[in-house]
Amino acid sequence: GAVVSQHPSRVICKSGTSVKIECRSLDFQATTMFWYRQFPKKSLMLMATSNEGSKATYEQGVEKDKFLINHASLTLSTLTVTSAHPEDSSFYICSASSSFWMAFFGQGTRLTVV
Amino acid sequence: EDQVTQSPEALRLQEGESSSLNCSYTVSGLRGLFWYRQDPGKGPEFLFTLYSAGEEKEKERLKATLTKKESFLHITAPKPEDSATYLCAVQPPRGGGSNYKLTFGKGTLLTVNP
């Protein structure tokens, strides 16, 4: 299957600082990338959808100024959590798709804000 | 609003004890139903996509089936390495926003004891 690489896998940051998470599709061009957030024992909740070269579409209730998404190329999307606070601590997962029938996921990033 | 309900929330099996996981959904005009496996602290791993009622797909000890209202993931003679959370997701038809958006269920945590 296709490979989606997400980095870093774990990050600890201080409250008030910003953290950037990268998502790369290694062997295919991803026209669309998705960012999810997952709480313990909960389902994946879609945060935003990004298409290469255009602004991301955010789900209702997701603060676009806090979760900045950039999809500058067909193989790279980044999620920046700005001015992070402890309540932003979570498991963030990206997925990449080149067609409607397939979406491959990254390994996830465990963010802890202290 | 699309809804996906998975049952049971958790399932414990003895090695070799076959069983089924359920995913019921309400979506107008299903375009695809996806099954993923997720190990702790990892991103979801793609298993199957089903498109139409009556369709079945198999992979090793797993078989996924689809009806108009639900999908089953049958596990035959499971092994301890099959222990994971199994996620079901549905994809709505085009025109409702992102073409690739998935709505996930909360998952079934499967534990297979040796």
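The sequence lines fix the lettering, A, B, ..., with proteins before strands; numbering per chain opens at 1.
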What verdict does the salt bridge (charged side-chain N to carboxylate O under 4.0 Å, His left out) test give for A:K20 and A:E22, after you've listed the backbone C-alpha separation in whole Å, the side-chain angles of each residue and the deciding distance to 0.1 Å?
CA-CA 7 Å; A:K20 181 183 284 188; A:E22 289 189 352; 5.9 Å; no

Spacing of A:K66 atom NZ and A:T80 atom OG1 [to the nearest 0.5 Å]:
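If we round to the nearest 0.5 Å, A:K66:NZ and A:T80:OG1 are 11.5 Å apart.
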
Under 4.5 Å, counting heavy-atom pairs only, tell me which of A:R110, A:Q6, A:Q38 racks up the most with chain B.
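If we count pairs closer than 4.5 Å to chain B, A:Q38 comes out on top.
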
Aromatic ring pairing A:F34/A:Y36, orientation class (parallel under 30°, perpendicular over 60°, tilted between):
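Tilted, since the angle between the ring planes falls between 30° and 60°.
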
Residue-level contacts of residues 103-114 of chain B with chain A, using a heavy-atom cutoff under 4.5 Å
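Residues B:F104, B:G105, B:K106 are the ones that qualify, each having a heavy atom under 4.5 Å from chain A.
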
Find out if a path of hydrophobic residues (ILVMFWY) with successive side-chain heavy-atom gaps under 4.5 Å connects B:L66 to B:Y86.
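B:L66 and B:Y86: one cluster.
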
Taking all heavy atoms of [X] and all of [Y], pick out the closest pair and write down the distance.
X	Y	value
B:L11	B:S19	CD2-OG, 3.6 Å
B:A64	B:W35	CB-CD1, 3.9 Å
A:V4	A:C23	CG1-SG, 3.6 Å

Can you say whether A:L46 sits under 4.5 Å from chain B via the side chain, the backbone, both, or neither, judging by heavy atoms?
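Just the side chain, heavy atoms under 4.5 Å.
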
Is there a ring pair (Phe, Tyr, Trp, His ring centres under 6.0 Å) between A:F105 and B:Y36 once you walk through the steps?
CA-CA 10 Å; A:F105 286 81; B:Y36 289 87; 5.0 Å; yes

Look at B:A89, B:P44, B:G41 and state which one has the largest set of heavy-atom pairs under 4.5 Å with chain A.
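Highest number of heavy-atom pairs under 4.5 Å: B:P44.
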
Using heavy-atom distances under 4.5 Å, tell me whether B:E45 contacts chain A through its side chain, its backbone, both, or neither.
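B:E45 has no heavy atom closer than 4.5 Å to chain A.
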
